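Bear in mind that the values here come from a model prediction, so they are computed numbers and not experimental data.
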Amino acid sequence: MARALRPSVTVIGLDDTDSRERGMCTTYVATRVAAALRLRGAQVKHIRLLRLNPAVEHKTRGNAALAIVTEASAENALSTTKSVIEELAVFQDERTHPGIVVAEEPISEAVQEFGRRAIRELLDLEAAEAAIQSAGYLSAGWKDERGKIGALSAIGASAAREEWTYEYIAYREPDRWGTPRDVDLDSVFDAADAYYPAAWDTVDRGENEAVCIPNAPGPILYGIRGDDPHTVARLAADIDAEPVHAQALFETNQGTDVHLGETAIEEAEDGRAYRVTGEVVDAPTTKAGGHVFVEIEDGTGRLPCVAFEPTKRFRDRVRALQVGDEITAVGEVGDGTLKLEKFAVRDLVETVPVNPTCPTCDRRMESAGAGQGYRCRDCDTTAATKELTPIERDLEVGWYEVPPCARRHVAKPLVRGGFDAPIHPER
């Protein structure tokens with residue numbers, strides 16, 4: 001008997017339909033596309049939320065692109081997605097330039113590599129258009145069509161990634177958009193405690209803030225992130241809030257540090273994020289606005305690092321560094337400065353040189369002159385060099401991170417594990 005043919009698998013990439021000021025979100029557009037496909041009889045297997053390079057200039061806060069994996073035909077997928085975008089995208093926003101790309105699996109290695117690069121590099125529309133044409137994909141765009149870059153990247157990154165985290169997003173009833181969200185915060189904090197650490201960055205206990213509830217005037221009521229789909233769904237079910245209009249589960253690359261590369265300081269480029277190891281060469285300083293700066297070097301060059309004011313208590317960790325400490329600094333480089341997301345203390349200065357102590361009177365000796373060592377004027381005792389005395393440090397060897405209220409979507413929380421030193425997680 002002839003074997004039944006498996007349905008073709010189509011991947012829809014979409015991006016740049018949202019608006020920070022006017023309150024639309026590409027994740028909501030993707031859920032509406034998925035719902036429209038199901039109404040047309042097509043199975044939707046996954047909705048994937050890909051966080052691309054956070055240094056991209058043209059972005060909303062998280063630089064997300066969406067990939068919908070479906071058994072719809074490419075033509076059906078394109079027409080359905082176009083209809084939803086034309087209904088929902090905020091074309092009035094000068095920063096919004098939607099794009100769609102539709103591909104049939106298998107996704108070529110070239111497109112997968114494009115997706116990997118988009119997470120760490122800055123790519124342009126010309127390169128995206130060339131890759132779309134070369135692969136023979138269907139596509140559509142509006143205005144400047146810049147969304148095609150993220151759409152193709154979402155397809156490539158979705159195919160290239162093998163491990164996922166999850167986000168469960170609940171959406172508001174449309175007539176409530178732009179109004180204050182009605183969520184019982186006690187229920188959010190209780191649920192966050194109950195499901196931590198499998199669900200993370202739900203709240204920031206230090207700032208008493210529900211991180212999962214956005215401030216923007218968009219359709220999202222709350223978003224719950226975690227390591228598995230069951231945990232995020234159960235946590236969401238325990239939250240007392242206004243009526244939910246729709247909900248969706250996304251496979252994501254959030255909380256993975258996939259945006260980071262390794263480099264020597266001399267090779268660090270603006271617009272990319274890195275892990276860089278070096279020695280602290282200038283004492284930390286606090287500048288206007290409460291931003292804390294510290295400089296490191298690794299033998300190839302020097303690199304200023306900054307903990308911005310919104311990173312709150314993390315700045316105290318940076319202030320506790322001293323000249324001579326060895327650290328691994330992690331973050332995006334812009335204008336020649338690394339914007340700290342986390343750092344690892346590799347080696348701490350634990351002693352400082354001081355004038356030697358007189359063995360007779362137990363007082364500090366004074367310099368006897370240039371190159372002449374030290375002497376006690378009262379006892380006439382001498383010493384050739386300074387002595388080392390232990391100092392107390394407010395840091396330990398291991399990893400420190402910004403608090404949840406300041407964490408980038410793609411940055412990996414320490415509580416997720418897999419780090420190469422002890423961790424000091426923020427909650």
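In terms of heavy-atom proximity, Ala216 sits nearest to Arg181 at O-NH2, 2.8 Å. Thr81 approaches Ile12 most closely through the heavy-atom pair OG1-CG2, 3.5 Å. Ala192 and Leu235 make their closest contact through CA-CD1, 4.2 Å (heavy atoms, listed as atom of the first residue, atom of the second, distance). Scanning all heavy atoms of the two residues, the minimum distance from Asp18 to Cys25 falls at CB-CA, 3.7 Å. For Asp204 against Cys405, the heavy-atom pair with the smallest separation is OD2-N, 3.0 Å.
Leu395 has its side chain within reach of Leu321: a pair of non-hydrogen atoms, C-beta onward, lies under 4.5 Å apart. In this structure, the side chains of Tyr274 and Glu269 come closer than 4.5 Å at one or more pairs of heavy atoms. Here the side chains of His291 and Thr286 are not in contact, with every heavy-atom distance at 4.5 Å or above. At least one side-chain heavy atom of Val276 sits less than 4.5 Å from a side-chain heavy atom of Thr263. For the pair Trp142 and Glu86, the minimum side-chain heavy-atom distance is below 4.5 Å. Side-chain contact between Ser153 and Phe114: present, with at least one pair of heavy atoms (C-beta onward) separated by less than 4.5 Å. Residues Trp200 and Asp227 have side chains in contact (heavy-atom distance under 4.5 Å, counting atoms from C-beta outward). Thr165 is listed as a side-chain neighbour of Arg416, based on a closest heavy-atom distance under 4.5 Å.
For the residue pair Thr252 and Arg51, no side-chain donor N or O sits within less than 3.5 Å of a side-chain acceptor on the partner. A side-chain donor from one of Asp298 and Thr300 sits under 3.5 Å from a side-chain acceptor of the other. No hydrogens or angles considered: nothing links the side chains of Thr70 and Thr10 as a donor-acceptor pair under 3.5 Å. Defined by atom type and a distance below 3.5 Å, a donor-acceptor pair is missing between the side-chain atoms of Thr231 and Tyr166.
Checked against a 6.0 Å centroid threshold, the rings of Phe189 and Tyr196 do not count as neighbours.
Arg317 places no side-chain N or O within 3.5 Å of a backbone atom of Val402 that could act as its donor or acceptor partner. Side chain of Arg393 to backbone of Ala320: a donor-acceptor contact under 3.5 angstrom is found. In this structure a side-chain-to-backbone donor-acceptor pair under 3.5 Å is missing from Asp201 to Pro404. Of the possible donor and acceptor atoms, none in the side chain of Arg225 sits under 3.5 Å from a partner among the backbone N and O of Ala199. At least one donor-acceptor pair under 3.5 Å links the side chain of His97 to the backbone N or O of Asp144.
Put simply, the residue from Glu279, Glu266, Glu297 that forms a salt bridge (Lys or Arg N to Asp or Glu O under 4.0 Å) with Arg302 is Glu297. With respect to Glu401, the salt bridge (Lys or Arg N to Asp or Glu O under 4.0 Å) criterion is satisfied by exactly one of Arg407, Lys312, Lys342: Arg407. For the pairing with Thr311, the side-chain contact (heavy atoms from CB on, under 4.5 Å) check across Arg313, Arg315, Glu309 returns one residue only, Arg315. A side-chain contact (heavy atoms from CB on, under 4.5 Å) with Glu326 holds for exactly one of Asp347, Val345, Ile296; it is Asp347.
Screening residues 237-264 for ring-ring contact (aromatic ring centres under 6.0 Å, His included), with sequence neighbours left out, gives no hits.
In this view, Arg275 and Glu262 satisfy the side-chain hydrogen bond (donor to acceptor under 3.5 Å, both in side chains) rule, not counting sequence neighbours.
Phe343 and Phe314 have tilted rings, their planes meeting at an angle from 30° to 60° on a 0 to 90° scale.
Annotation: cation-pi pair Lys287/Phe293 present, NZ/CZ under 6.0 Å from the ring centroid and within 45° of its normal. A cation-pi arrangement is absent between Lys148 and Tyr137, since the terminal nitrogen or guanidinium carbon is not both under 6.0 Å from the aromatic centre and inside a 45° cone about the axis.
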Verdict with supporting geometry, Asp270 and Val333, side-chain contact (heavy atoms from CB on, under 4.5 Å):
CA-CA 5 Å; Asp270 284 355; Val333 176; 3.4 Å; yes

Run the numbers on Trp177 and Met24 for side-chain contact (heavy atoms from CB on, under 4.5 Å), then give the verdict.
CA-CA 9 Å; Trp177 297 1; Met24 180 48 68; 3.7 Å; yes

